[in-house]
Student: 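Attaching a single structure in structure tokens format; questions to follow.
For the numbers below, each heavy atom of this structure counts, side chains included, while hydrogens, waters and symmetry mates do not. Proteins get letters first, then strands, A, B, ... in listed order; numbering begins at 1 in each.
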Amino acid sequence: MTEFQNLVYEAAKLIPFGRVATYQDIARKIGRPKATRAVGNALHHNPQMIIIPCHRVVNAQGKLAVHFGYRGLKGQKELLEREGVKVINYQVDLEVYRAASL
DNA sequence: ACAATGACCCAGT
DNA sequence: AACTGGGCCATTG
């Protein structure tokens, strides 16, 4: 477990229930605004798939991660809808659900 | 130390 | 809207 990954996971846990964050938000939160790609990597290697709310993390367009580990796209979609987030065509409205605290 | 890879982003065509 | 190329950063072989 690298230090970078810890930072990413900690940041991910801060995303409130029923809201989402972009890879950029996470990157910015941990002090590496341009490491968005690395953030994606870290989440992919996520050791605690369920514990860490990585399903609340989407790309800059609000699109869900295609290679999501837990039950794929559908899994992430269901997890989000279970929190009251409307997912249209595997995409969420960032203007509405993006966590403001980031 | 170097090259390649990936759940990314942005601008240009 | 779809495709391309360049840039970014951490991890891995």
Student: Name the atoms and distances for all side-chain donor-acceptor pairs under 3.5 Å in residues 40-50 of chain A, with sequence neighbours left out.
Tutor:
unit_1	atom_1	unit_2	atom_2	d
A:H45	ND1	A:N41	O	2.9
A:N46	OD1	A:Q48	N	2.8

Student: For nucleotides 2-5 of chain B, tabulate all protein N/O to nucleotide N/O atom pairs closer than 3.5 Å, reporting atom names and distance.
Tutor:
none

Student: Could you tell me whether the side chain of A:L7 reaches within less than 4.5 Å of the side chain of A:R32, counting heavy atoms only?
Tutor: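 Result yes, sub-4.5 Å side-chain heavy-atom pair found.
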
Student: Rounding to an integer number of Å, can you tell me how far A:F4 CZ sits from B:dG6 C1'?
Tutor: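 Atom CZ in A:F4 sits about 12 Å away from atom C1' in B:dG6.
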
Student: Are there any protein N/O atoms within less than 3.5 Å of an N/O atom in nucleotides 11-13 of chain B, and if so, which ones and at what distance?
Tutor:
none

Student: Determine which pairs satisfy salt bridge (charged side-chain N to carboxylate O under 4.0 Å, His left out) with at least one residue from residues 73-82 of chain A, sequence neighbours left out, and list them in order.
Tutor: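 Found A:R71-A:E78, A:K77-A:E81.
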
Student: When clusters are formed from ILVMFWY side-chain contacts under 4.5 Å, directly or step by step, what else is grouped with A:L14?
Tutor: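 ILVMFWY cluster around A:L14 holds nothing else.
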
Student: How close or far is atom C1' of B:dA7 from atom NE2 of A:H45, stated in whole angstroms?
Tutor: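 Taking atom C1' of B:dA7 as the reference, NE2 of A:H45 is at 10 Å.
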
Student: Just the atom pairs and distances: protein N or O near nucleotides 4-7 of chain C's N or O, under 3.5 Å.
Tutor:
unit_1	atom_1	unit_2	atom_2	d
C:dG7	O6	A:R37	NH1	2.8

Student: With the side chain of A:A38 defined as its heavy atoms from C-beta on, choose the nearest nucleotide among C:dC9, B:dA7, B:dC10.
Tutor: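 Looking only at side-chain atoms, A:A38 lies closest to C:dC9.
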
Student: For the pair made of CG in A:L64 and C1' in B:dC8, what is the distance, rounded to whole Å?
Tutor: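 Computing the A:L64:CG to B:dC8:C1' distance gives 15 Å.
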
Student: By side chain to side chain donor-acceptor pair (under 3.5 Å), which residues pair with A:K13, not counting sequence neighbours?
Tutor: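 With neighbours one apart ignored, the set is A:E10.
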
Student: Would you say the side chain of A:Y9 lies within less than 4.5 Å of the side chain of A:M1, judging by non-hydrogen atoms?
Tutor: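 Contact flag for A:M1/A:Y9 side chains = yes.
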
Student: Heavy atoms within less than 4.0 Å of DNA chain B: which residues of residues 75-93 of chain A have one? Give them sorted by number.
Tutor: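 By residue number: none to list.
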
Student: Regarding A:A35, tell me which of base, sugar-phosphate or nothing describes its non-hydrogen contacts under 4.0 Å with the strands shown.
Tutor: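 The residue A:A35 makes sugar-phosphate contact but no base contact.
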
Student: A:F68 CZ to B:dA7 P: how many Å, rounded?
Tutor: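 Distance, rounded to whole Å: 13 Å.
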
Student: Measure the distance from CE on A:M1 to P on C:dT11 and round it to the nearest whole Å.
Tutor: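 Spelled out: CE on A:M1 to P on C:dT11 is 11 Å.
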
Student: Closer than 3.5 angstrom, by distance alone: can the side chain of A:Q76 be matched with the main-chain N or O of A:Y70 as a donor-acceptor pair?
Tutor: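 Absent.
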
Student: Which of residues 13-34 of chain A have a heavy atom under 4.0 Å from DNA chain B?
Tutor: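 Here the set is A:Y23, A:Q24.
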
Student: With side chains defined as the heavy atoms from C-beta onward, is the minimum distance between A:P53 and A:F17 less than 4.5 Å?
Tutor: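 No - every pair of side-chain heavy atoms lies 4.5 Å or more apart.
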
Student: Please report the distance, rounded to the nearest Å, between NE2 in A:H55 and C1' in B:dA7.
Tutor: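 It works out to 15 Å between those atoms.
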
Student: Salt bridge (charged side-chain N to carboxylate O under 4.0 Å, His left out): which pairs involve residues 83-95 of chain A, sequence neighbours left out?
Tutor: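 Every salt bridge (charged side-chain N to carboxylate O under 4.0 Å, His left out) pair that includes a residue of residues 83-95 of chain A, provided the two are not neighbours, is A:R56-A:E83.
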
Student: Mind listing the closest non-hydrogen atom pair of A:F4 and A:I30 along with its distance?
Tutor: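 Closest approach of A:F4 to A:I30, heavy atoms only: CE1-CD1, 3.6 Å.
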
Student: Under a 4.5 Å side-chain heavy-atom rule over Ile, Leu, Val, Met, Phe, Trp and Tyr, are A:V8 and A:L102 clustered together?
Tutor: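 No, it is not one cluster - the side chains of A:V8 and A:L102 are not joined through contacts under 4.5 Å.
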
Student: Sequence neighbours excluded, which residues qualify as side chain to side chain donor-acceptor pair (under 3.5 Å) partners of A:T22?
Tutor: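 Expected list: A:D25.
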
Student: Mind checking whether A:I15 and A:L79 sit in one hydrophobic cluster, side chains of I, L, V, M, F, W, Y counted as touching below 4.5 Å?
Tutor: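 In one cluster: no.
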
Student: To the nearest Å, give me how far apart CD (A:Q5) and P (B:dG6) are.
Tutor: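 Those two atoms, CD and P, are 17 Å apart.
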
Student: Distance check needed: C:dA10 C1' versus A:Y9 OH, whole Å only.
Tutor: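 Distance check: A:Y9 OH to C:dA10 C1' gives 11 Å.
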
Student: Under 3.5 Å, side chain of A:Q24 to main-chain N/O of A:T36, donor-acceptor pair present?
Tutor: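 Pair absent, no side-chain N/O of A:Q24 close to backbone of A:T36.
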
Student: Please report the shortest heavy-atom distance between A:P16 and A:A99, naming the atom on each side.
Tutor: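 Scanning both residues completely, I find the closest heavy atoms to be CD-CB, 3.8 Å.
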
Student: Other than A:V87, which residues form its hydrophobic cluster under the rule that side-chain heavy atoms must be closer than 4.5 Å?
Tutor: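 Besides A:V87, the cluster holds A:V20, A:V58, A:L64, A:L73, A:L80, A:V85, A:Y90, A:V92, A:L94, A:V96, A:Y97.
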
